[in-house]
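The next block holds one structure in the form of structure tokens; read it before the comments.
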Amino acid sequence: MEKIVSQLKEYLGMETEIDLAEFQDYYKQLLDFLSANYQDLTEEQYLQIRYVLNTVAANGEDRAARKDANRKKYRKMAEKCRFWANAIQLKLSNDYGYDQSQLEEAEGRIDEAMRPEA
């Protein structure tokens, strides 16, 4: 989990965009982690991984909007990340009592922590 979060933080601080191969590798690590650990995460880990999923999904959606040969791959990755993010949102709501404003507040806190230091 720490590796996934720290890698995203590094990506967010980059001036250039990672290529498709690296994007796919990170995406695969993320889904492999979720498949293996979904039931065993803590409340804070669910919040963090939801942030990661939403960030990867948004990036994938942006890349899918481009007219290039990889747009379908990015769209599929974004859709899968949105699916997982929605499942985690439902879990946070059902198991921990989060409402939309609490989720947004948590995401803002995590986003602040993910910003590269100046």
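This chain uses plain numbering: 1 for the first residue, then up along the sequence.
The two residues Ala57 and Cys81 come nearest to each other via the heavy atoms CB-CB, 3.8 Å. Residue Tyr96 comes nearest to Leu41 through the heavy atom pair OH-O, 4.2 Å, listed as atom of the first residue, atom of the second, then distance. In terms of heavy atoms, Leu92 sits closest to Arg50 at CD1-CD, 4.1 Å.
Of the inter-residue distances, the one linking Tyr51 atom OH with Leu103 atom CG reads 14.5 Å to the nearest 0.5 angstrom. In this structure, the separation between CG on Leu31 and OH on Tyr27 is 4.5 Å, given to the nearest 0.5 Å. Atoms CG and CG, on Leu8 and Leu53 in that order, are 10.0 Å from each other to the nearest 0.5 Å. Summarising the geometry, atom CE belonging to Met1 is positioned 8.0 Å from atom CD belonging to Glu44; distances are rounded to the nearest 0.5 Å. The CD atom of Gln100 sits 12.0 Å away from atom CD of Glu105, with the distance rounded to the nearest 0.5 Å.
Follow the hydrophobic side-chain contacts under 4.5 Å out from Val52 and you reach Leu12 in the same cluster. Under a hydrophobic-cluster definition in which Ile, Leu, Val, Met, Phe, Trp and Tyr are linked whenever side-chain heavy atoms come within less than 4.5 Å, directly or via other members, Tyr38 and Leu90 are assigned to different clusters.
Annotation: side chain of Thr55 is not in contact with side chain of Asp111 (no heavy-atom distance under 4.5 Å). Contact check for Ile49 versus Phe33: side-chain heavy atoms found under the 4.5 Å cut-off. Looking only at side-chain heavy atoms (C-beta outward), Lys3 and Gln29 come within less than 4.5 Å of each other. Residues Lys9 and Arg115 fail the side-chain proximity criterion, which asks for heavy atoms closer than 4.5 Å. For the pair Trp84/Lys80, a side-chain contact is recorded, criterion being any heavy-atom separation below 4.5 Å from C-beta on. When side chains are defined from C-beta on, Met114 counts as touching Val5, because their heavy atoms get closer than 4.5 Å. Between Leu47 and Ile88, the closest side-chain pair of non-hydrogen atoms is not below 4.5 Å.
The number of heavy-atom neighbours closer than 6.0 Å to CZ of Phe83, taken from other residues, nucleotides and ligands shown, is 12 or below.
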Inset, instruction - Given ring pair (Phe, Tyr, Trp, His ring centres under 6.0 Å), test Tyr98 with Tyr46 step by step and report yes or no. - result: CA-CA 12 Å; Tyr98 278 79; Tyr46 281 118; over 10 Å; no
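A donor-acceptor pair is defined here as one N or O able to donate and one able to accept, closer than 3.5 Å; such a pair exists between the side chain of Asp68 and the backbone of Arg71. Of the possible polar contacts, one joining the Asp99 side chain to the Gln102 backbone as a donor-acceptor pair under 3.5 Å is found. Not a single donor-acceptor pair under 3.5 Å links the side chain of Glu112 to the backbone N or O of Arg109. Using modelled atom types, no side-chain atom of Ser93 and backbone atom of Gln89 make a donor-acceptor pair closer than 3.5 Å.
Aromatic ring orientation, Phe23 versus Tyr74: perpendicular (interplanar angle above 60°, classes split at 30° and 60°).
Glu43 and Lys91 are not joined by a salt bridge, as no carboxylate oxygen comes within less than 4.0 angstrom of a charged side-chain nitrogen. Classification of Arg75 and Glu61 as a salt-bridged pair fails, no side-chain N sitting under 4.0 Å from a carboxylate O.
A donor atom on one side chain and an acceptor atom on the other are not found under 3.5 Å apart for Asn86 and Arg82.
Within the structure, every pair that satisfies the salt bridge (Lys or Arg N to Asp or Glu O under 4.0 Å) test and touches residues 20-31, not counting sequence neighbours, is listed here: Lys28-Asp32.
For the side-chain contact (heavy atoms from CB on, under 4.5 Å) test, residues two or more places apart in sequence or in another chain that qualify with Lys73 are Leu20, Gln24, Asn70, Met77.
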